[in-house]
Amino acid sequence: MAGPSLRPHVHWAQRHRELYLRVELSDVQSPDIAITDNVLHFKARGHGAKGDNIYEFQIEFLEPVEPKPVCRVTQRQLNITVQKKESNWWERLTKQEKRPLFLAPDFDRWLDESDAEMELKEKEEEKINKMKIESRVPKDPFRHLKKGYLIMYNLVQFLGFSWIFVNMTVRLFILGKDSFYDTFHTISDMMYFCQTLALMEIMNSLIGLVRSPLIPAVLQIFGRNFILFVVLGSLEEMQSKPVVFFLFYFWSIIELFRYPYYMLSCIGIEWKPLTWLRYTAWIPLYPLGGLAEGVFVNFRHLYKQRKHHLGPKKRKMK
């Protein structure tokens, strides 16, 4: 013969629109919670006052409630939220006047009617104030145009650096090390285009179109453009060096992650693998790119020293 069912300790509180039930059961498994004919039926296995057992109870509410309770299970307890069908204050929770022994007020969440009305009034005022503030903020009539421009800019840069990366990778597989020596002559036009277009990033930051900090953008873009236009543009001997291949390759890989990330951010999309690559790939690539850039600067200095000491000397006028 089955013994009497075990009832857990249940604490309750209310607001004008909701009821809160806190069931004192830990490690709850397979909770069965339903509302039928305005009666809440609860049954679950968990650890309560009588140890690890199956606990159950029923509550017939004082007034009509919505038939879909919201349940949230934690390691220490189980919380149930029930919506009232009408927003008002109940004098008690259950239809029966005598309170069940397993039921008690939840003093952590307990408010009397006046306090609850004050809380409700504060929430409504906060909502109204928020709506007023939002209505005062003028909407940018050019926001869609700005967003379209940023999407197109990042897309063009992504396609440009993708062309560089794919072209160099294919040439490496076909020609092997021989592709190192003519990288500049085959890739420079596209690199010139991408790095010239990158100057727009400084302008975007200056006019507040993007939130990127200005100083890092200036240092990166002018640093690259100095290497590309000044050092490589003035030293033909450097254009055929293998270091050009590695420099262009590192630059293109970095941008393959950066520009798609910004493009998706413009339309409110975040792809976690891309986000991880955007903020992780720079760790090995920036030092390698910086090393290659350092080789250029050092080579330019040494070349000038060589030309000064070993180049043709001007004859003195008699």
- Message: Is the shortest side-chain heavy-atom distance between Phe180 and Leu175 below 4.5 Å?
- Response: no
- Item | Whether over 12 other heavy atoms sit under 6.0 Å from His9 NE2 | no
- Co-membership, hydrophobic cluster, residues Val170 and Leu256, 4.5 Å side-chain: yes
- Item | Side chain to side chain, Thr94 and Pro100, heavy atoms closer than 4.5 Å | yes
- Query: Any link between Val166 and Phe246 through a network of hydrophobic side chains (Ile, Leu, Val, Met, Phe, Trp, Tyr) touching at under 4.5 Å?
  - Reply: yes
- Testing Val23, Leu78, Asn79 for side-chain contact (heavy atoms from CB on, under 4.5 Å) with Cys71, which one passes? Leu78
- Does Arg76 come within less than 4.0 Å of Asp27, counting only side-chain N to carboxylate O? no
- Would you say the side chain of Pro8 lies within less than 4.5 Å of the side chain of Phe102, judging by non-hydrogen atoms? no
- Please, which pairs that meet side-chain hydrogen bond (donor to acceptor under 3.5 Å, both in side chains) have at least one residue in residues 43-62, sequence neighbours excluded? His41-Gln58
- Message: Distance check, rounded to the nearest 0.5 Å: Met191 atom CE versus Leu247 atom CG?
- Response: 7.5 Å
- Item | Side chains of Glu63 and Asn88, donor plus acceptor under 3.5 Å | yes
- Please check if the side chain of Asn167 supplies one atom and the backbone of Trp163 the other of a donor-acceptor pair under 3.5 Å. no
- Task: Indicate if Leu219 and Trp251 have the same hydrophobic cluster label, given that clusters are the connected sets of ILVMFWY residues with side-chain heavy-atom separations under 4.5 angstrom.
- Result: no
- Message: With heavy-atom distances below 4.5 Å as the criterion, would you say the side chains of Gln157 and Cys194 are in contact?
- Response: yes
- Message: Quick check against the 3.5 Å criterion: does Thr183 have a side-chain atom that pairs as donor or acceptor with the backbone of Ser179?
- Response: yes
- Return yes if a side-chain donor-acceptor contact under 3.5 Å exists between Asn154 and Tyr261, otherwise no. no
- Query: Are any of the side-chain heavy atoms of Phe57 and Leu40 separated by less than 4.5 Å?
  - Reply: yes
- Query: Have Tyr20 and Arg15 got a donor and an acceptor in their side chains that come within less than 3.5 Å?
  - Reply: no
- Message: For Arg224, is there an ion pair with Glu255 - N to carboxylate O distance below 4.0 angstrom?
- Response: yes
- Message: Is there a side chain to side chain contact (heavy atoms under 4.5 Å, CB included) between Phe42 and Ile59? Walk through the geometry before answering.
- Response: CA-CA 9 Å; Phe42 175 92; Ile59 294 177; over 6 Å; no
- Message: Are more than 12 heavy atoms, taken from residues, nucleotides or ligands other than Arg143, located less than 6.0 Å from that residue's CZ atom?
- Response: yes
- Checking side chain to side chain contact (heavy atoms under 4.5 Å, CB included) for the pair Phe229/Thr196: CA distance, chi angles, key distance, verdict? CA-CA 10 Å; Phe229 290 97; Thr196 301; 3.4 Å; yes
- Main-chain N/O of Val39 paired to Asp37 side chain as donor or acceptor, under 3.5 Å: no
- Message: Could you go through Asp182 and Arg171, starting from their C-alpha distance and side-chain angles, then the distance that decides it, and tell me whether this counts as salt bridge (charged side-chain N to carboxylate O under 4.0 Å, His left out)?
- Response: CA-CA 10 Å; Asp182 62 348; Arg171 287 174 54 81; 2.5 Å; yes
- Stepwise side chain to side chain contact (heavy atoms under 4.5 Å, CB included) check, Leu209 with Lys146: CA-CA 8 Å; Leu209 198 57; Lys146 293 176 181 178; 3.4 Å; yes
- Message: Just by distance, no angles: are the side chains of Lys84 and Gln14 close enough, under 3.5 Å, to form a donor-acceptor pair?
- Response: yes
- Message: Under a 3.5 Å distance rule, please check whether Gln239 uses its side chain to pair with a backbone N or O of Leu232 as donor and acceptor.
- Response: yes
- Query: Does a side-chain heavy-atom distance below 4.5 Å link Tyr262 with Leu150?
  - Reply: no
- Query: Do Glu18 and Arg109 meet the salt-bridge criterion of a basic N to acidic O distance under 4.0 Å?
  - Reply: no
- Heavy-atom side-chain contact between Leu62 and Leu93 under 4.5 Å: no
- Any residue meeting side chain to side chain contact (heavy atoms under 4.5 Å, CB included) with Val70, in chain and number order, not counting sequence neighbours: Thr81
- Where does the angle between the aromatic ring planes of Phe184 and Phe248 fall among parallel (under 30°), tilted (30 to 60°) and perpendicular (over 60°)? tilted
- In this structure, are over 12 heavy atoms from other groups packed under 6.0 Å from Arg17 atom CZ? no
- Query: Got a sec: does the CG of Leu101 have more than 12 other heavy atoms crowding it under 6.0 Å?
  - Reply: no
- Message: According to ring pair (Phe, Tyr, Trp, His ring centres under 6.0 Å), who are the partners of Tyr249, at least two apart in sequence or on a separate chain?
- Response: Phe165, Phe245
- Query: Could you state the interatomic distance from CD1 (Ile253) to CG (Leu277), rounded to the nearest 0.5 Å?
  - Reply: 11.5 Å
- Message: Around atom CZ of Phe222, are there more than 12 heavy atoms from other residues, nucleotides or ligands closer than 6.0 Å?
- Response: no
- Decide yes or no on side chain to side chain contact (heavy atoms under 4.5 Å, CB included) for Trp12 and Arg22, but give the supporting numbers first. CA-CA 6 Å; Trp12 78 282; Arg22 176 164 55 87; over 6 Å; no
- Query: Any idea which heavy atoms bring Pro242 and Tyr181 closest together, and the distance?
  - Reply: CG-CE2, 3.7 Å
- Is there a donor-acceptor pair under 3.5 Å between the side chain of Gln96 and the backbone N or O of Lys98? yes
- Separation between CG of Leu206 and CE of Met200, rounded to the nearest 0.5 Å: 10.5 Å
- Query: Do the side chains of Met168 and Leu172 get nearer than 4.5 Å, heavy atoms only?
  - Reply: no
- Task: Tell me whether Trp89 is reachable from Leu19 by hopping between hydrophobic residues (I, L, V, M, F, W, Y) whose side-chain heavy atoms are closer than 4.5 Å.
- Result: no
- Query: Ignoring hydrogens and geometry, is there a side-chain-to-backbone donor-acceptor pair from Ser205 to Glu201 under 3.5 Å?
  - Reply: no
- Query: Are Val210 and Met263 connected, step by step, through hydrophobic side chains (Ile, Leu, Val, Met, Phe, Trp, Tyr) whose heavy atoms are closer than 4.5 Å?
  - Reply: yes
